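Treat the numbers as computed from the prediction; the structure is a model and nothing was measured.
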Amino acid sequence: MILHTDWRNIPASARNTVAALGNFDGVHRGHVHLLETLRMARPDHPLSVVTFDPHPRTLFRPQDPPFRLMLPDVRAAALGSQGVEHVFQIPFDAEFSRLSADRFVNDVLVKGLGVAHVACGADFAFGHRRHGNIDRLEALLVPHGIGLTIVPQLVDDGGPISSSRIRRLLQEGYPERAAEELGRLWSITGPVMHGDQRGRLLGFPTANIPLTQHLEPARGVYAARVTLPDGRVIPGVANIGRRPTINDGRESRLEVHLFDFNQDLYGQTLSVALIALLREEKKFSGLDELKAQIAADAAQARSILAD
């Protein structure tokens, strides 16, 4: 997979692809369905994705809390694992947001990327103030000999699979149900930062990973599996929240204790997959009660992860 971040300077080798349009946050089963449908419709061209960074919602609603299911580099890797050969990650800024629907098609898709065919969902909207819809998209593509495939949403017993639905499941404390929609475990990926080493003093040293732009799931303690840079997967117990017993409560963070592991991880990028919520965030009377609860949490997580 090749990541392109400048749509105005695309090499000839990356042109003439069949392109799926969308944000692809999470690269969930619905997104995979879209990609597979496009691949079957046009197997004669390389598969690509046209997406955006930052997410348009970030520009238009900057007051919203972070909501991303995955960060851009993780998204690109996930798309590559689905057979996407080129990811066109368009910088979405104020100037680009003012681009009309006609110019998005003519300047970006036709001239900039030189796509051969396009696919999207029925609700895809584009251009300034989302004035462009799929009927307009088709009308703009046809004169250039570019075809359009409209892919219905993938539906299960709970309705259409979508990024917003997966976000709700995580915020409600159901990572296992979110994993079913995603087609894999949901993970938070980031570098290990120096913390206050409270966990070490309590007998449970933790790796501290900032949430940055990730969605904050339900606060509490989770059974987790941690993937190291070398590919090893280590079971552990993770806490997401504001640590009400020992902290001032102003900053949510992810802290994960890796079982039977004592190597230095500072500066390394870990991927922490949440398996199951063990309990919600709670304030304890003191450090002794907190330490006893952490031990109980670790024992419960070991039991779950051993199954």
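The number of heavy-atom neighbours closer than 6.0 Å to CZ of Arg57, taken from other residues, nucleotides and ligands shown, is above 12. Counting non-hydrogen atoms of neighbouring residues, nucleotides and ligands closer than 6.0 angstrom, the CD atom of Glu138 reaches no more than 12 such neighbours. A 6.0 Å sphere centred on CZ of Phe52 holds more than 12 heavy atoms belonging to other residues, nucleotides or ligands. Within a 6.0 Å sphere centred on CZ of Arg279, heavy atoms belonging to other residues, nucleotides or ligands number more than 12. Within a 6.0 Å radius of CD in Glu280, no more than 12 heavy atoms belonging to other residues, nucleotides or ligands are found. The number of heavy-atom neighbours closer than 6.0 Å to CG of Asp264, taken from other residues, nucleotides and ligands shown, is above 12.
Cluster annotation: Val118 is connected to Ile134 through the hydrophobic network of ILVMFWY side chains, with a link wherever side-chain heavy atoms come within less than 4.5 Å. When the side chains of ILVMFWY residues are joined at heavy-atom separations under 4.5 Å, either directly or via intervening members, Phe60 and Phe126 end up in a single hydrophobic cluster. Criterion: ILVMFWY side-chain heavy atoms under 4.5 Å apart, direct or through other members. Under it, Val108 and Leu141 are part of a common hydrophobic cluster. Cluster membership for Ile304 and Tyr174, using ILVMFWY side-chain heavy atoms within less than 4.5 angstrom, is not shared. Using a 4.5 Å cut-off between side-chain heavy atoms of Ile, Leu, Val, Met, Phe, Trp and Tyr, with links allowed through other members, Leu277 and Leu69 fall into the same hydrophobic cluster.
The minimum heavy-atom distance linking Asp123 with Arg130 is given by the pair O-NH2, 4.3 Å. The shortest heavy-atom contact between Asn106 and His144 is OD1-NE2, 3.2 Å. Listed here is the closest heavy atom pair of Glu180 and Arg29: O-CD, 3.1 Å.
A perpendicular orientation is assigned to the rings of Phe104 and Phe96, their planes being inclined by more than 60° (bins at 30° and 60°). Classified by interplanar angle (parallel below 30°, tilted 30° to 60°, perpendicular above 60°), the ring pair His128/His131 is perpendicular.
For the pair Leu170/Pro175, a side-chain contact is recorded, criterion being any heavy-atom separation below 4.5 Å from C-beta on. The side-chain heavy atoms of Val110 and Val105, taken from C-beta on, include a pair separated by under 4.5 Å. For the pair Gln213/Arg68, a side-chain contact is recorded, criterion being any heavy-atom separation below 4.5 Å from C-beta on. The shortest side-chain heavy-atom distance between Leu109 and Leu140 does not fall under the 4.5 Å cut-off. Counting only heavy atoms from C-beta outward, the side chains of Asn23 and Ser163 never approach each other to under 4.5 Å. Between Thr206 and Val256, every side-chain heavy-atom pair lies at or beyond the 4.5 Å cut-off. Here the side chains of Phe204 and Val237 are not in contact, with every heavy-atom distance at 4.5 Å or above.
Under a 4.5 Å side-chain heavy-atom cut-off, the cluster of Ile, Leu, Val, Met, Phe, Trp and Tyr residues that includes Val87 is completed by Met1, Leu3, Val18, Phe24, Val27, Leu34, Leu35, Leu38, Leu47, Val49, Met70, Val74, Leu79, Val84, Val151.
Asn239 and His257 are not linked by any side-chain donor-acceptor pair at a separation below 3.5 angstrom, with hydrogens and angles left out of the test. A donor-acceptor contact closer than 3.5 angstrom links the side chains of Ser164 and Ser162.
Side-chain N or O atoms of Ser303 include none that pairs as donor or acceptor with a backbone N or O of Gln300 at under 3.5 Å.
From Phe92, atom CZ reaches atom OG1 of Thr58 across 10.0 Å, with rounding to the nearest 0.5 Å. Between the NE2 atom of His31 and the CD1 atom of Ile161 there is a distance of 10.5 Å, given to the nearest 0.5 Å. Rounding to the nearest 0.5 angstrom, the gap separating the CG atom in Leu211 from the CD atom in Glu216 is 6.0 Å. In this structure, CE in Met40 is found 5.0 Å from OG1 in Thr37, a value given to the nearest 0.5 Å. Annotation: the span from Phe124 atom CZ to Leu137 atom CG amounts to 7.0 Å, rounded to 0.5 Å. The OG atom of Ser187 sits 7.5 Å away from atom CG of Leu274, with the distance rounded to the nearest 0.5 Å.
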Query raised in the report: Are Arg75 and Asp53 close enough, and set up right, to give a side-chain contact (heavy atoms from CB on, under 4.5 Å), and what steps lead you there?
Result: CA-CA 11 Å; Arg75 176 181 61 185; Asp53 185 64; 4.0 Å; yes
(message) Using the rule given for side-chain contact (heavy atoms from CB on, under 4.5 Å), can you reason through His214 versus Leu71, listing the C-alpha separation, both sets of side-chain angles and the distance that settles it, and then say yes or no?
(response) CA-CA 7 Å; His214 286 100; Leu71 301 185; 3.6 Å; yes
- [ ] Tell me, with the steps shown, if His4 and Asn9 meet side chain to side chain donor-acceptor pair (under 3.5 Å).
- [x] CA-CA 9 Å; His4 307 270; Asn9 292 287; over 6 Å; no
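Ionic pairing of Asp107 and Arg8 is not present here: no N-O contact between side-chain nitrogen and carboxylate oxygen is shorter than 4.0 angstrom.
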Just list the side-chain donor-acceptor pairs under 3.5 Å for residues 224-236, sequence neighbours left out, or say none.
{"unit_1": "Arg225", "atom_1": "NH2", "unit_2": "Leu305", "atom_2": "O", "d": "3.2"}
{"unit_1": "Asp230", "atom_1": "OD1", "unit_2": "Arg232", "atom_2": "N", "d": "3.0"}
{"unit_1": "Asp230", "atom_1": "OD1", "unit_2": "Arg232", "atom_2": "NE", "d": "3.3"}
{"unit_1": "Asp230", "atom_1": "OD2", "unit_2": "Arg232", "atom_2": "NE", "d": "2.7"}
{"unit_1": "Asp230", "atom_1": "OD2", "unit_2": "Arg232", "atom_2": "NH2", "d": "3.0"}
{"unit_1": "Arg232", "atom_1": "NH2", "unit_2": "Gln263", "atom_2": "OE1", "d": "3.4"}

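Taking Arg98 as the reference, nothing meets the side-chain hydrogen bond (donor to acceptor under 3.5 Å, both in side chains) condition, with sequence neighbours excluded.
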